[in-house]
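Each remark here refers to the structure printed beneath this line.
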Amino acid sequence: MSSWSAIDAAANVVMQQTFGEPVVYQPVQAGTAVSDPLTITAVRHARVREESGALANFEEISVNPSDFSNPPVKGDWVTAWGAQYAVTTVRQPDAYGMTALALLQRAG
């Protein structure tokens, strides 16, 4: 019989394969990029039409913590959908082990 962690990991793989999109994750310290950027698969959260689209400056994604050598932190950058975002909130892993990140588009 499989353990819950194995079941969760399998569910994460299915979610990422089905709904995932590649994004570039960049660790940041004191406003400066550190180490190499990392391309990961993120699941973009659904948004209502009035809050989404080309003019949206706020996004939420779920990421698999095992994709990182160091866990995501507030202030790191995510580049996706033609824009760069700063991580504003890192939520504890959900029931399936995915970490939710709130992103705010960076000026510029």
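Every heavy atom of this structure was used, including side-chain atoms; hydrogens, water molecules and symmetry mates were not.
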(message) Can you give me the closest heavy-atom contact between Leu103 and Thr88, atom names plus distance?
(response) N-OG1, 4.2 Å

(request) Supply the atom-to-atom distance Met98 CE to Ile61 CD1, rounded to the nearest 0.5 angstrom. (result) 9.0 Å

(request) Among Arg44, Gln105, His45, find the residue that satisfies the side chain to side chain donor-acceptor pair (under 3.5 Å) test when tested with Glu59. (result) Arg44

(message) For the backbone of Ser35 and the side chain of Gln26, can you confirm whether one donor and one acceptor N or O come within less than 3.5 Å of each other?
(response) yes

(message) Tell me every residue that passes side chain to side chain contact (heavy atoms under 4.5 Å, CB included) with Pro71, counting only those two or more places apart in sequence or in another chain.
(response) none

(request) Indicate the atoms forming the closest heavy-atom contact of Tyr85 with Ala80, along with that distance. (result) CE1-O, 3.6 Å

(request) Dump the intermediate steps for side chain to side chain contact (heavy atoms under 4.5 Å, CB included) on Phe68 and Val63, then the final yes or no. (result) CA-CA 9 Å; Phe68 299 88; Val63 296; 3.7 Å; yes

(message) Apply the hydrophobic cluster definition, ILVMFWY joined by side-chain contacts under 4.5 Å directly or through others, and give me every member besides Trp77.
(response) Val28

(message) Which residues end up grouped with Val34 if you chain together Ile, Leu, Val, Met, Phe, Trp and Tyr wherever their side-chain heavy atoms are less than 4.5 Å apart?
(response) none

(message) Quick check on side chain to side chain contact (heavy atoms under 4.5 Å, CB included): which of Val78, Thr39, Ile40 does Val24 satisfy it with?
(response) Thr39

(message) Could you work out, with side chain to side chain contact (heavy atoms under 4.5 Å, CB included) as the rule, every residue matching Ser66, not counting sequence neighbours?
(response) Asn64

(request) Could you note down all residue pairs passing salt bridge (Lys or Arg N to Asp or Glu O under 4.0 Å) where residues 81-92 supplies at least one of them, sequence neighbours left out? (result) Glu60-Arg91

(request) Taking side chain to side chain contact (heavy atoms under 4.5 Å, CB included) as the test, write out the residues that go with Val90, two or more places apart. (result) Val87, Thr99, Leu101

(message) Test of understanding: with side chain to side chain contact (heavy atoms under 4.5 Å, CB included), list the residues that count as partners of Val73, not counting sequence neighbours.
(response) Asp76

